[in-house]
Each structure stands twice: as structure tokens, then as C-alpha cells.
**Q** 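Take a look at the following structure, please.
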Amino acid sequence: MEGFAPEVAVVTHAGGEKLEEPLVIRPTSEAIIWATYAKWIQSYRDLPLLYNQWCNVVRWELRPRVFLRTTEFLWQEGHTAHETADEAIAEALLILREVYVDAAEKVLGLPVLPGRKSAAERFPGAEETLTMEGMMRDRKALQAGTSHYLGQNFAKAYGVQFQDREGEQQYAFATSWGVSTRLVGGVIMTHGDDKGLRLPPALAPYEVVVVPIYKSDDERARVHEALGRVKEALGTRRVKVDDRDQLRPGYKYNEWELKGVPLRVELGPRDAAGNHVVVARRDTGEKETIPETALAEAVDKLLDQIQENLYQDALAFREANTFTPKDYEEFKEIIAGGGGFLRGAWCGDAECEAQIKADTKATIRLLPLQPEQPGEPCVHCGKPGAELATWAQAY
RNA sequence: CGGGGCGUAGCGCAGCUUGGUUAGCGCGCCUGCUUUGGGAGCAGGAGGUCGCCGGUUCGAAUCCGGCCGCCCCGACCA
């Protein structure tokens, strides 16, 4: 874990006294997990082993950034131990694709690219680091989740051996993987617009906010009667009725738009009289009048459309800002002109990678999961291309 | 740690260069009336050790010195 040393926080004082032994605050839990696995794993029959935990970790970064890089953050971390390298590699890949990418795209509506990290960008102690990368609205990349194949590095460091099917002692093969509250930042920076948050319905605490509108007590009574029917129609969907009396409708519209509620139902005297409501989408701003009898079905359809639209909107943005520079001059021009994802051939040389970073602040965000021969010379040095890389400036 | 910027009412800011009445403005807050289908209007009102310490001066938010805190850029990074 030497790669973590610069960002490890150490407690030297507690209880008003200097501690005899300093306490290291975990930046990730491999040390705890593998010290424990050493006691739990003796036989191939103990494998595979998977533990997941949610916990806070601390990393003393030089430059914290709200949501994206905070000194302390909540995350989920999973740790597995396996009999074989192939099984561990498959696990790391499975978590990335079937869990992280799936959740990012289907629930959070974040289009992400899965891939491998270059050696320079790899997790300390990993043989291979897999990533999913998203593009924020400022065209910078965000590493939205990682999954690592750790080989036998941790098993060797912590003495985790097991007796295999042939009776031989072997070191276990490991993976670890995590996503954090950084994803909250990802959602904000991918979907947010000038009016505030736009939350994907699958994630939104409230899918629908209902704003009743009335002037007189008489109107209020009639609107409330209709409100009863509307609430009934919306059933078990996550609905907030904003019945705060002292605020006017326009204020409420803006406030709920700021908070990102996907759908707003406006219910005034005219609607109550006509047995309909006005439904407004947060993602597009479109409004339409819908009969009470058709409300439930329409809301479901609209929520599905919003979920899909937010994803497609972000995907279109990413694609519109993904480039294939023909040479290094164009590469630098694109970065200078606002950036984006830059796809091109890379010779595989770490020095070349470092020079590009020094020139442009762009780093290799990912390499394809299945290595691809680019069939072109390195975009920077002109030597034969070994990998098809995607560069970007990143958070 | 290097470079840049900022601390004035709950929040956001002006005033400072060129010292001089009760330190202003917007939002918010309080009271009243009118309002309510896209962030209400009018009237009245409350609220400030001008980041801290010291100096110059008849007089300091303003000038000088020191200190503290915050933000941005760079080096490190989920």
C-alpha cells in the first residue's frame, strides 16, 4: 500500500494525550480485510469469498473538491478472494459491467465508458484496474467507479494461503471494487442545468410534486377535492403535495425545479372543474394537460421517458465531444478549445503518456477492455501504436 | 508550499484609490393591507465590534504594519 502513503491520515493524539502507537485512518480497507482473510481462508472450500461493506474512508488530498474529492467520503467497497487468477479477473469484470455500469446507466442515467487503466493510472497494488468514465458538462472526465484485479499481491503481503484441490499451498487471488458519494457529484454535473438539478426518476426521492393553486376558500375546497382524486390516481408513486399555504405557485415551481423533481402536477380551479391537471416535465420544460382518468398511465410513461431522455441527452453530449485527432497538433488544439474525450493510438510508453499530461493536463482515462490494435502510429510520438486510448482532462 | 484574489447585516455585494455627518444596495426577515395559473406589490420596520491586533491622525471600513480565516490556479488523487 505504499502508493497510498502521501494521502494517509495518522492520529497521533487522542484523549488529550500523545498516543504510544499512532492510528492510521484507512484510505481503503484492504489492510483490515486481508488481515482478516488470513484467519478465515485455509482451504479451497473457503473460496470464493466476497465481503462488501459501506464505510467512510479518509484520504488527505491536497485539493478537495465538493462531492468529487472530499477528505472523508462514504463508499461501498467489495473484496473477494478466489482460487484462480481467471476467476478473480472474471469477478472484477463482472462487478464493473453487471453492477457498476448497469447501475450508472440504468439508475443514475449516466452514460459511462468501461475500460482498463494504464499502468500509471492503476490502483496501488493492483495488477489491473478497471474503470468506468463519465463526461461532465464541462467536458472533463470523471472516474465514476473502479474494479481491481489484485493478483496475489495482497495474499502474499498478508500471508493468505489455502490448500488447493491437489493439496498444495497457494496464495489466493483477489479483487476489490468501489463506488462512492462521488456519484452524487456525477449526477449533478451530468444532468444539472441552469435551473438546478435534474434527477433521473429512478433515483429521485420524489418522482412527482403536486402544486395546488387557488385564491378563495371556495376554490381551495374544490381544488382539494380534486387533489384527493389525483393522489388516489398516483397511488404508490413517490409523490409530494406542496400544500404550503403562504407561498405562491410560481415560487414553488422554481423551488422544485431547483431540487430536480422529474414531474410537476399543477392543479388549479380550472383543472379541478375540468377533471384534468397540467403536467410539466423537469427535463424538457414541456407542459401538457392530462385528464384525471389518464393520469396514472401518463405519469408512468413520462417518468420512463425522462429517465431515458436524461441518459440520451448526456450520451449525445459525450458523443458530440468525443474526437479523433489526426495528429498531436490537433490533439492540443482540441484540449485548448474546450476539451472532451480524445481517442487515438498510443505507443504504450509511460514516458509518452507523461509528456502528454505535462503538455495538456490530459491523462489516459481508459483503454479498451479487450486490447485493440489501433493500426496507426502513436498520436504523440509517431512510434507504432500499441493501444487505442481515450484521453481527457479529469477530475 | 508557490502564484492570484477576498473578508463590510442571515446571504450576495458596493463604499476604500482621493480619511470627514446617522456605513449603503439587493435578497431574506418582522408588521399591515392588497395578492396567489412561473420566483408578488405597496407602505412601514428590525438588523452591522466594517476578520483580529496595533500604529498614523483632531478624526480610520478607508492609510501603514503584523496576524487569522476563506476561495481560485499549480504539484497529489476515488
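In what follows, every chain begins at residue 1, and chains take the letters A, B, ... in the order their sequences are listed.
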**Q** Could you let me know what A60(B) is paired to, Watson-Crick or G-U wobble, both distances under 3.5 Å, or none if it's on its own?
**A**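 Across any shown strand, A60(B) pairs with none.
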
**Q** Which residues pass the side-chain contact (heavy atoms from CB on, under 4.5 Å) test with Gln169(A), sequence neighbours left out?
**A**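 Testing Gln169(A) for side-chain contact (heavy atoms from CB on, under 4.5 Å), a comparison that skips the adjacent residues, returns Gln161(A), Gln163(A).
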
**Q** When you compare C63(B) with A14(B), how far apart are their P atoms, in angstrom units rounded to a whole number?
**A**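 Nearest-Å result for C63(B) against A14(B) at atom P: 15 Å.
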
**Q** For G48(B) versus G28(B), give the span between their C1' atoms, rounded off to a whole number of Å.
**A**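 Result for the C1' pair: 16 Å, nearest Å.
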
**Q** At a heavy-atom distance below 4.0 Å, what parts of residues 97-105 of chain A sit against RNA chain B?
**A**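 Within this stretch, nothing sits under 4.0 Å of the strand.
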
**Q** From CG of Asp242(A) over to P of G38(B), roughly how many Å is that when rounded to an integer?
**A**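 Asp242(A) atom CG is separated from G38(B) atom P by 15 Å.
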
**Q** In Watson-Crick or G-U wobble terms, both distances under 3.5 Å, what is the partner of G39(B)?
**A**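 Pairing partner: none.
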
**Q** Measuring from the side chain of Lys357(A) (C-beta onward, heavy atoms only), which nucleotide among G38(B), G39(B), C76(B) has the closest atom?
**A**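 Output: C76(B).
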
**Q** If I take atom CZ in residue Arg270(A) and atom P in nucleotide U36(B), what distance separates them, rounded to the nearest angstrom?
**A**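 Interatomic distance, CZ of Arg270(A) to P of U36(B): 12 Å.
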
**Q** Within the pair Arg63(A) and C73(B), is there a side-chain N or O less than 4.0 Å away from OP1 or OP2?
**A**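 Answer yes for this pair, as a side-chain N or O of Arg63(A) is under 4.0 Å from OP1 or OP2.
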
**Q** What residues, two or more places apart in sequence or in another chain, satisfy side-chain contact (heavy atoms from CB on, under 4.5 Å) together with Lys383(A)?
**A**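 Only Cys347(A), Asp349(A), Cys381(A) meet the side-chain contact (heavy atoms from CB on, under 4.5 Å) criterion with Lys383(A).
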
**Q** Using the C1' atom on both, measure C70(B) against G51(B) and round to a whole Å.
**A**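 The answer is 10 Å between these two C1' atoms.
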
**Q** Applying the Watson-Crick and G-U wobble criteria at under 3.5 Å, what pairs with C29(B)? Answer none if nothing qualifies.
**A**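 Pair assignment: C29(B) / G45(B).
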
**Q** Please output the side-chain donor-acceptor pairs of residues 209-218 of chain A that fall under 3.5 Å, not counting sequence neighbours, one pair per line with the distance.
**A**
residue, atom, partner, partner atom, Å
Tyr214(A), OH, Asp245(A), OD1, 2.7
Ser216(A), OG, Glu219(A), N, 3.1
Asp218(A), OD2, Arg222(A), NH2, 2.8

**Q** Kindly write out the residues that satisfy ring-ring contact (aromatic ring centres under 6.0 Å, His included) with Tyr37(A), not counting sequence neighbours, or none if the list is empty.
**A**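 Partners of Tyr37(A) under the ring-ring contact (aromatic ring centres under 6.0 Å, His included) test: Trp34(A).
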
**Q** Rounding to the closest angstrom, what is the interatomic distance between U57(B) and U8(B) at atom P?
**A**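 It works out to 29 Å between them.
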
**Q** Among residues 205-221 of chain A, which contact RNA chain B at a heavy-atom distance under 4.0 Å?
**A**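 When residues 205-221 of chain A is checked for heavy atoms under 4.0 Å from RNA chain B, the hits, listed by number, are Ile213(A), Tyr214(A), Lys215(A).
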
**Q** Tell me the interatomic distance from Tyr251(A), atom OH, to C27(B), atom P, rounded to whole angstroms.
**A**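 It works out to 13 Å between those atoms.
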
**Q** Of the nucleotides G38(B), U36(B), A78(B), which has the atom closest to the Pro249(A) side chain?
**A**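 Per side-chain heavy atoms of Pro249(A), the pick is U36(B).
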
**Q** Scan Thr70(A) against the nucleic acid and name what it touches under 4.0 Å (heavy atoms): base, sugar-phosphate only, or nothing.
**A**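 Thr70(A): base contact, heavy atoms under 4.0 Å.
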
**Q** When the distance from CD of Glu7(A) to P of A78(B) is rounded to whole Å, what number comes out?
**A**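 Result: 7 Å.
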
**Q** Going by distance alone, is a donor N or O of one side chain under 3.5 Å from an acceptor N or O of the other, for Gln76(A) and Tyr100(A)?
**A**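 Side chains of Gln76(A) and Tyr100(A): pair found under 3.5 Å.
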
**Q** Checking base pairs now: Watson-Crick or wobble, both atom distances under 3.5 Å. What partners G69(B)?
**A**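 Base-paired to C6(B).
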
**Q** Using the test ring-ring contact (aromatic ring centres under 6.0 Å, His included), find all partners of Tyr328(A) that sit at least two apart in sequence or belong to another chain.
**A**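 Per chain and number, Tyr328(A) pairs via ring-ring contact (aromatic ring centres under 6.0 Å, His included) with Phe331(A), His380(A).
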
**Q** Under the side-chain contact (heavy atoms from CB on, under 4.5 Å) rule, collect the residues that match up with Leu23(A), sequence neighbours excluded.
**A**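 Here the qualifying residues are Val11(A), Leu19(A).
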
**Q** Between G39(B) atom P and Glu266(A) atom CD, what is the distance in whole Å?
**A**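 Going from CD in Glu266(A) over to P in G39(B) covers 12 Å.
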
**Q** Can a salt bridge be assigned to the pair Glu121(A) and Lys357(A) using a cut-off of 4.0 Å between side-chain N and carboxylate O?
**A**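 No, no charged N to carboxylate O under 4.0 Å.
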
**Q** Can you check the Lys140(A) NZ to C73(B) P distance for me, whole Å?
**A**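 Checked: the NZ to P distance equals 8 Å.
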
**Q** Among all residues two or more places apart in sequence or in another chain, which pass the ring-ring contact (aromatic ring centres under 6.0 Å, His included) test with His79(A)?
**A**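 Not a single residue meets the ring-ring contact (aromatic ring centres under 6.0 Å, His included) criterion with His79(A).
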
**Q** Between U17(B) and A60(B), how far is it from one C1' atom to the other, in whole Å?
**A**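 One C1' to the other, the span is 15 Å.
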
**Q** Check Glu105(A) with Arg97(A), please: is the shortest side-chain N to carboxylate O separation under 4.0 Å?
**A**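 Glu105(A) and Arg97(A): not salt-bridged.
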
**Q** Could you say whether the aromatic ring of Phe73(A) and the base of A78(B) stack, counting only centre distances under 5.5 Å and plane angles under 30°?
**A**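 So Phe73(A) counts as stacking on the base.
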
**Q** Between Leu199(A) and Lys259(A), is there a side-chain heavy-atom distance shorter than 4.5 Å?
**A**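 Counting from C-beta outward, Lys259(A) and Leu199(A) never come under 4.5 Å.
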
**Q** I'd like the C1' distance from C11(B) over to G74(B), given in whole Å.
**A**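 Here G74(B) and C11(B) have their C1' atoms 31 Å from each other.
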
**Q** What distance, rounded to whole Å, do you find between the two C1' atoms, one in G47(B) and one in A9(B)?
**A**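 The same atom, C1', in both gives a distance of 6 Å.
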
**Q** Picking from G39(B), A78(B), G37(B), which would you name as closest to the side chain of Glu255(A)?
**A**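 The answer is G39(B).
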
**Q** Go through the structure and list residues passing ring-ring contact (aromatic ring centres under 6.0 Å, His included) with Trp60(A), not counting sequence neighbours.
**A**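 ring-ring contact (aromatic ring centres under 6.0 Å, His included) check on Trp60(A) returns nothing, list empty.
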
**Q** Residues in side-chain contact (heavy atoms from CB on, under 4.5 Å) with Ala392(A), at least two apart?
**A**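 Listed in chain order: Ala141(A), Phe341(A), Arg365(A).
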
**Q** Going by purine N1 to pyrimidine N3 plus the second Watson-Crick contact, or the G-U wobble pair, all under 3.5 Å, which nucleotide sits opposite G24(B)?
**A**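 The answer is C13(B), by the H-bond criterion.
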
**Q** Regarding Gly178(A), tell me which of base, sugar-phosphate or nothing describes its non-hydrogen contacts under 4.0 Å with the strands shown.
**A**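 It contacts nothing in the nucleic acid.
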
**Q** Grab the NZ-C1' distance between Lys259(A) and G39(B) for me, whole Å please.
**A**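 Whole-Å distance recorded here is 14 Å.
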
**Q** Can you tell me the base-pairing partner of C76(B)? Count Watson-Crick or G-U wobble geometry only, both distances below 3.5 Å, and say none if there is no partner.
**A**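 Partner of C76(B): none found under 3.5 Å.
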
**Q** Nearest-nucleotide wise, let me know which of Phe67(A) and Leu62(A) is further upstream toward the 5' end of RNA chain B.
**A**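 Looking at the nearest nucleotide for each, Leu62(A) comes out on the 5' side.
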
**Q** Tell me which nucleotide among A78(B), G37(B), G39(B) gets nearest to the side chain of Gln143(A).
**A**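 Out of A78(B), G37(B), G39(B), the nucleotide with an atom closest to Gln143(A)'s side chain is A78(B).
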
**Q** Kindly indicate whether a cation-pi arrangement holds for Arg264(A) with Tyr253(A), taking the cut-offs as under 6.0 Å to the six-membered ring centre and within 45° of the axis.
**A**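 Positive - Arg264(A) is close enough to the ring of Tyr253(A) and near enough to its axis.
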
**Q** Using atom P of each nucleotide, how far apart are C25(B) and A43(B) to the nearest Å?
**A**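 My reading of the P atoms in C25(B) and A43(B) gives 14 Å.
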
**Q** Near RNA chain B, which residues from residues 110-122 of chain A have a heavy atom under 4.0 Å away?
**A**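 Output list: empty, so none.
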
**Q** Any side-chain N or O of Lys361(A) less than 4.0 Å from the OP1 or OP2 oxygen of G74(B)?
**A**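 For G74(B), OP1 or OP2 has a side-chain N or O of Lys361(A) closer than 4.0 Å.
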
